Amino acid sequence: MDFSDSPEEAAFRAKASDWLDANATRRDGSEKAQDHFMARDADEVARARDWQSRKADAGWAGLTWPRAFGGRDATPIEQVIWNQEEGRYAVPPNVFLIGIGLVGPTVMIHGTDDQKTTFLPRALTGEDIWCQLFSEPAAGSDLAGIRTRARREGDEWVISGQKVWTSGAHYSTHGILLARTDPQVPKHKGMTMFLVHMSDPAIETRPIRQISGSSSFNEVFIDDLRVPDSARLGGESEGWKVALTTLMNERFSISVGRASGGARAEELIDLATRVERNGRPAFEDGEVRARIADFIARQRGLEFTSYRVMTSLSRGDAPGEEGSIGKLLLGKLRQEMGAFGMELAGTAAGISAKSGDDVARWRNEYLTAPGNRIAGGSDEIQRTIIGERILGLPPEIRIDKDVAFSEL
Amino acid sequence: MDFSDSPEEAAFRAKASDWLDANATRRDGSEKAQDHFMARDADEVARARDWQSRKADAGWAGLTWPRAFGGRDATPIEQVIWNQEEGRYAVPPNVFLIGIGLVGPTVMIHGTDDQKTTFLPRALTGEDIWCQLFSEPAAGSDLAGIRTRARREGDEWVISGQKVWTSGAHYSTHGILLARTDPQVPKHKGMTMFLVHMSDPAIETRPIRQISGSSSFNEVFIDDLRVPDSARLGGESEGWKVALTTLMNERFSISVGRASGGARAEELIDLATRVERNGRPAFEDGEVRARIADFIARQRGLEFTSYRVMTSLSRGDAPGEEGSIGKLLLGKLRQEMGAFGMELAGTAAGISAKSGDDVARWRNEYLTAPGNRIAGGSDEIQRTIIGERILGLPPEIRIDKDVAFSEL
Amino acid sequence: MNFGFSDEQDAIRDTLARMLSDHATLAVVHDCLETAEGFDSATWAALAGGGWLGLAIAEDYGGSAMGAVELAIVAEEIGRSLAAVPFAPVLGLATPAIQDLGTQSQKEKLLPGIAEGRLIVATALAEDGGSAPERVSAKVVQDRLSGRKSPVLFAADASFALVAALDEGGTVRLYLADLSDPSVSINPHDAIDRTRPAAEIVFHGAPVELLPGSDPAAIRTLLDGAAVLAAFEQIGLAERALSLTRDYACERQAFGRQIGSFQAVKHRLADMFAKIELARSNAFFGAWALASGDNRLAEAAAVARLSALDAVQFTTEESVQLHGGIGFTWAADPHLFLRRGWQLKAELGPADLWRERLLCDLANGPAAAN
Amino acid sequence: MNFGFSDEQDAIRDTLARMLSDHATLAVVHDCLETAEGFDSATWAALAGGGWLGLAIAEDYGGSAMGAVELAIVAEEIGRSLAAVPFAPVLGLATPAIQDLGTQSQKEKLLPGIAEGRLIVATALAEDGGSAPERVSAKVVQDRLSGRKSPVLFAADASFALVAALDEGGTVRLYLADLSDPSVSINPHDAIDRTRPAAEIVFHGAPVELLPGSDPAAIRTLLDGAAVLAAFEQIGLAERALSLTRDYACERQAFGRQIGSFQAVKHRLADMFAKIELARSNAFFGAWALASGDNRLAEAAAVARLSALDAVQFTTEESVQLHGGIGFTWAADPHLFLRRGWQLKAELGPADLWRERLLCDLANGPAAAN
């Protein structure tokens with residue numbers, strides 16, 4: 001049980017920090033809060049590519065990839081250390097997370113030699129930017145319910161359908177796409193995975209505006225997209241198996257990833273000392289104190305849980321279901337903190353006098369938190385995962401398992 | 001929308017109050033808190049019988065029963081008014097609730113003329129005391145899962161099995177008993193209802209000690225009990241239909257029944273003014289104030305909800321699922337209040353210096369509340385009832401509906 | 001005892017509900033959210049045309065003088081419709097203030113215009129986000145008001161404002177201010193619910209008229225009555241959010257079933273229902289206390305508000321959640337309810353104010369509270 | 001970074017768990033609940049025999065001088081076993097107090113006896129139900145202690161007590177009192193968990209010895225360390241309650257299915273698990289801070305305690321609930337966990353004390369706290 005760096009870890013940290021010092025500027029606190037994985041405009045995409053190619057040249061890209069594929073064979077903890085250190089610098093957003101974290105490892109396992117040679121180096125240098133074309137309007141929690149169809153025509157596949165919740169689709173060059181190729185078999189058995197070019201005119205991308213007002217996701221419409229059979233990743237009808245590899249790597253990436261912002265519970269202490277409640281400083285009110293203390297305890301628990309997950313990853317365990325705990329608790333915590341902050345910041349809850357004031361800050365927290373409770377598997381799905389995969393409870397009764405998809 | 005008595009209601013109240021004044025003693029606050037429906041000993045049973053027979057003589061028993069059966073044809077609101085008025089007097093516990101509230105109305109609908117003549121008058125006068133032999137160790141939430149068997153032998157039925165959670169079984173003279181008569185059909189279809197004598201040596205009763213330390217329930221073991229076919233209530237294999245009548249009347253009785261004690265949230269104000277928290281009177285602490293105010297708001301809501309239920313009963317609506325709301329919210333509220341009171345009464349939560357002190361009082365509340373969350377349909381069952389019967393949501397998938405009970 | 005509505009009252013509800021469903025659709029609310037104006041003037045005009053705005057105004061001033069229970073029904077239906085109209089400030093606060101605490105000439109000047117829908121009187125009680133009238137620093141000296149009031153809803157659409165300010169003796173009183181006076185300036189705010197546009201009003205020595213009956217106790221009673229009506233508006237809103245979510249749960253399929261057949265969804269909807277019904281029971285008691293002038297009004301208003309706030313927050317947040325990915329998109333409906341819920345909280349203040357109101361009332365006894 | 005246990009530590013846990021499952025079965029706990037004595041002296045003797053009671057005692061005094069992490073493992077297993085033994089007062093408080101704050105002769109007199117299990121030192125910090133050592137009125141004048149301490153657990157089984165009392169200058173210090181002195185009387189209390197018998201001890205001028213190192217800051221650190229160990233004990237308890245309930249949910253059938261296949265049950269169990277794991281993460285940080293002497297111990301102890309209290313209360317209450325009718329019978333196991341959970345809360349005080357500890361620590365910065 002040791003919270004500090006081991007000597008090896010300390011050496012790695014020093015090396016990373018030295019290189020970053022020489023190649024980037026320290027953050028000075030004036031930077032705007034922003035999603036670490038999303039570019040806001042083309043200029044930012046260009047700067048992100050430039051930074052990624054410099055990292056790749058110096059051996060800091062794809063840290064946990066095997067050396068054979070241009071990686072550094074780093075441990076999960078080293079990845080975390082890198083993320084911590086890089087987080088201190090004013091660097092562009094990491095729009096390569098899906099390519100390097102999800103697609104790369106999936107191609108390594110299920111790809112042909114050609115696919116590996118074509119895609120892996122370009123993912124590493126940032127030349128290609130990937131997005132994940134899995135979810136659909138009628139297939140969210142139940143991903144295996146996808147309806148996007150891929151029909152074989154000679155040596156080509158013709159793909160039509162609609163994807164949704166696709167981060168970064170509008171600036172991505174490539175997408176990893178799950179499609180149904182055989183509707184005559186049960187739902188989990190008739191899918192196949194493809195690697196597609198987003199620039200194809202058969203693909204149209206539209207941003208989705210969220211309740212916070214910003215747009216991090218897209219709808220993607222695919223209308224008779226033609227791809228060669230060489231775009232198929234893994235065997236025909238083996239798409240679900242391939243998708244599970246991608247999803248496992250997604251869990252891994254989230255586990256070691258830089259936490260995507262969000263307010264610190266301690267900020268509520270500062271707020272409570274500046275505002276009044278019932279005619280006294282709010283921080284003197286017992287209920288305010290109780291709620292803030294409980295928020296802090298829960299937030300610390302989430303932070304330390306992520307260290308436990310990393311420890312188990314670094315011992316070589318597969319990225320397991322423990323990640324569901326953090327996932328389950330994070331969104332609700334942020335939502336409660338947002339609501340509390342908004343209310344604390346003024347009786348006129350939710351009414352902001354000027355952009356960037358306390359109300360605006362906590363309101364944004366409150367309106368983005370619902371996304372945490374849904375995206376990447378809803379709270380309800382996380383509870384089922386914990387119940388069935390960790391606690392070993394009997395599964396839900398499934399009426400759709402052995403029926404042909406076309407009969408559902 | 002009127003919270004006060006109508007002129008007719010006021011007249012009824014005055015009449016009731018006059019008779020009570022002449023026949024009973026007002027409570028003076030020195031009485032021990034006690035379950036209003038359970039006798040503690042044989043002496044109390046005797047006093048309860050005596051009181052009941054005097055009520056019957058004066059026309060105050062079985063208020064809502066039709067006059068044809070010796071009742072008063074009173075409205076549900078009149079029953080409530082009677083309960084309120086009687087509650088002001090030091091009268092013995094009402095051990096006749098099951099007989100008059102549940103069994104009587106069921107016999108009126110499903111009984112033979114003989115059964116009506118035999119049982120209804122004696123229930124009214126308190127000569128017979130009834131208990132309800134429905135639940136079993138393996139059939140709680142899923143009542144239709146009962147296993148107690150009744151086999152036909154000539155003109156007799158031979159009944160064996162085990163019942164549980166039977167209030168008052170040890171001093172009851174009769175029981176209404178649900179048994180399985182045909183295991184070869186689906187579970188809801190093979191049951192039959194019987195009226196049995198509790199004094200039969202084939203019936204053995206054992207009290208169940210609850211976590212609060214007291215025993216309000218019994219286990220009842222039935223070993224080759226022989227009853228004539230005339231003890232059958234309703235048709236063969238129609239036991240489920242008969243049971244539903246009993247259960248509907250149970251809901252009605254609970255809706256108009258005297259609330260069974262429980263602490264008032266305002267008592268916490270008194271406690272909080274007498275104890276300290278962080279070196280100041282606890283009632284000055286914002287969290288203490290917030291929690292007490294919320295408890296009061298919830299308790300008021302439950303109280304007023306019961307008035308709404310009575311209003312709809314008095315308009316002639318069947319005792320519906322609205323009762324589930326109060327049922328669902330009551331137990332959790334009592335449990336939270338008990339825990340809060342215990343904690344407030346001393347850091348050394350749960351440790352009582354002398355019997356009857358604050359800790360002992362709230363500890364008892366805390367340890368009896370779990371019963372409210374289970375008995376009469378658990379919180380979880382209430383949520384399903386609300387979801388399916390009120391909100392019209394699709395039912396759970398049932399795998400046991402069309403299968404013979406013996407195959408389950 | 002009769003804890004329900006009469007047939008006549010049910011008929012009033014049906015008539016209004018039909019009218020609102022013609023005018024104030026959720027599509028209109030979405031539109032209001034996008035425009036700078038926010039205010040749904042068409043629905044307001046339709047409400048006036050139907051005589052709904054004069055419901056609680058005496059017949060002498062162009063109203064129909066119905067009771068508090070009828071007004072509560074209107075509040076609930078307005079809440080259910082989500083109409084972007086100033087019901088709460090105008091009918092919940094300004095109208096009873098003028099009618100119960102104003103002079104004959106004030107009533108003549110304003111009430112007919114309110115009933116006809118041509119005059120909006122905004123309420124400017126809060127300052128700097130706090131709506132407890134005890135904490136007011138705006139001041140009136142020789143009938144001239146100076147100070148900043150914020151937030152004021154529908155300020156841009158209003159002709160007059162009902163303002164809480166200190167008189168020369170330092171007591172909080174209510175005044176009427178003409179917003180067209182050049183000494184008045186209005187600074188728009190950014191509200192979570194832009195269908196109820198919020199602003200700060202700055203008064204630089206604006207001429208005002210005192211409502212002579214507005215002593216502190218009368219102001220408290222006014223706020224209690226407004227809280228009861230707001231509770232009905234909140235209940236209407238929450239019930240609509242529940243109904244929307246229930247419908248979605250019946251329609252949306254996952255794992256080969258309607259998601260409403262899963263207990264995770266079904267039981268959450270049941271919890272919403274239970275919270276709403278609990279709030280409704282408390283609101284009924286509030287309506288009765290308001291209508292009958294019972295001295296338990298302060299207690300009734302506080303418990304009605306506390307349980308309504310709880311029901312709205314739980315229902316609207318979980319409505320977003322149970323709609324899944326759709327739920328947190330701008331184009332979907334659930335966030336309209338989430339936003340309006342917060343706005344309704346803002347108008348009369350959050351739970352901590354009303355908890356104190358409840359505890360002080362219980363500690364002092366109901367008589368002292370009125 | 002390494003936020004887990006070593007293989008050696010896992011082996012320690014397995015050995016202890018095996019020993020406890022032989023001795024401290026739930027049947028034994030049921031028995032202890034029924035008897036006046038409460039204390040499970042057989043398991044205590046077995047713990048002594050296995051060397052577990054001397055785990056954190058220096059070798060010079062008959063112990064094996066293992067670290068805080070190993071002690072945390074023992075705490076967790078004791079919690080899981082529900083053994084009716086005075087682990088928390090003796091190993092969590094008295095032992096570190098004597099070892100870290102006592103004189104050489106105090107150590108010689110008491111530590112070997114503790115390690116051998118023949119000497120129980122009870123902790124008498126609280127008075128009148130409040131366990132914050134800041135609020136103490138017992139007083140020592142010329143080495144004689146007068147005052148009432150309540151509740152004291154296992155008082156009847158103890159030879160000595162560690163007492164918090166004011167010195168002549170009015171500062172809270174820790175003293176050792178010999179309970180066999182005729183000036184000491186013990187009045188049994190009625191505790192929610194009678195397997196940890198509670199009493200009031202009245203000292204009428206009892207002779208005591210000061211622990212010279214026990215200045216207020218040292219006392220706080222002592223309590224923080226005890227809170228970390230208690231969190232592990234609480235986590236062990238909560239995890240066992242969860243596991244019991246999980247097993248029941250797999251075994252119990254209703255509507256033709258295992259009840260664990262219903263989301264109402266499954267998701268509640270998942271919530272229990274998540275709360276327990278969150279508490280465990282905080283407790284891990286606490287164990288590290290305790291073992292490494294880090295200056296974030298106060299913060300770590302507070303968050304560990306807050307999340308452990310929450311996990312225990314939720315898990316034990318819902319364990320009763322998910323057992324249905326069986327759950328609220330005396331003969332069933334779930335209430336044993338419910339009772340012990342409250343007892344563990346009593347020993348170091350409820351959440352509000354630790355919330356204040358956390359906020360004061362964060363406000364003053366970690367350095368000031370030690």
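Here is how names work: the chains are called A, B, and so on, in the same order as the sequence lines, proteins then strands, and each is numbered from 1. Remember, predicted model here, so these are calculated numbers, not experimental data. What's counted below: heavy atoms across the whole structure, side chains too, no hydrogens, waters or symmetry copies.
- Between the side chain of Asp2(B) and the backbone N or O of Asn2(C), no donor-acceptor pair lies under 3.5 Å.
- Of the listed residues (Thr273(B), Asp294(B), Asp5(B)), the greatest number of heavy-atom pairs within a distance under 4.5 Å of chain C belongs to Asp294(B).
- For Arg315(B), the part lying near chain C is the side chain, with the backbone staying farther off; criterion is any non-hydrogen pair under 4.5 Å.
- For the atom pair CZ of Arg355(C) and CZ of Arg291(B), the computed distance is 10.5 Å after rounding to the nearest 0.5 Å.
- The number of heavy atoms from other shown groups lying within 6.0 Å of NZ (Lys15(B)) does not exceed 12.
- Proximity to chain C (any heavy atom under 4.5 Å) is restricted, for Leu328(B), to the side chain, taken from C-beta onward.
- For residues 242-251 of chain C, a heavy-atom distance under 4.5 Å to chain B picks out Leu242(C), Arg246(C), Ala249(C), Cys250(C), given by residue number.
- A distance of 5.0 Å separates CG of Leu359(C) from CZ of Arg289(B), quoted to the nearest 0.5 Å.
- Contact count versus chain C (heavy atoms, under 4.5 Å) is highest, among Leu391(B), Thr305(B), Val309(B), Ile397(B), for Leu391(B).
- Of residues 261-273 of chain C, those residues lying under 4.5 Å from chain B by any heavy-atom pair are Ser261(C), Gln263(C), Lys266(C), His267(C), Leu269(C), Ala270(C), Asp271(C), Phe273(C).
- The parts of Glu396(B) that come within reach of chain C are both its backbone and its side chain, each placing non-hydrogen atoms under 4.5 angstrom from that chain.
- Most heavy-atom pairs under 4.5 Å with chain C: of the set Gly387(B), Ala290(B), Gly286(B), this distinction falls to Ala290(B).
- For a residue to count as touching a neighbouring chain, one of its non-hydrogen atoms must lie under 4.5 Å from one of that chain's; by this rule Ile390(B) touches chain C with the side chain only.
- Distance CZ/Arg300(B) to CZ/Phe285(C): 7.5 Å, rounded to 0.5 Å.
- Atom CG of Leu278(C) and atom CZ of Arg308(B) lie 9.0 Å apart (nearest 0.5 Å).
- Contact annotation for Leu302(B): both backbone and side-chain heavy atoms come within less than 4.5 Å of a heavy atom of chain C.
- Interface summary for chain C: among Gly326(B), Ala293(B), Ser306(B), Gly392(B), the most heavy-atom pairs under 4.5 angstrom belong to Ala293(B).
- For the atom pair CG (Asn282(C)) and CD1 (Ile296(B)), the distance works out to 11.5 Å, reported to the nearest 0.5 Å.
- Rounded to the nearest 0.5 Å, atoms CZ (Phe284(C)) and CZ (Phe304(B)) are 12.5 Å apart.
- Contact count against chain C (heavy-atom pairs under 4.5 Å) is highest for Ile325(B) among Ile292(B), Ile325(B), Ile385(B).
- Across Gly301(B) and Ser281(C), no two heavy atoms sit closer than the pair O-CB, 3.5 Å.
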Between Ser312(B) and Phe3(C), is the side-chain contact (heavy atoms from CB on, under 4.5 Å) condition met? List the steps.
CA-CA 8 Å; Ser312(B) 91; Phe3(C) 225 48; over 6 Å; no

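- Note: Gly4(C) leads Gly67(C), Ser307(C), Ser292(C), Gly4(C) in heavy-atom pairs under 4.5 Å with chain B.
- Chosen from Glu266(B), Met310(B), Glu380(B), the residue pairing most often with chain C at heavy-atom distances under 4.5 Å is Glu380(B).
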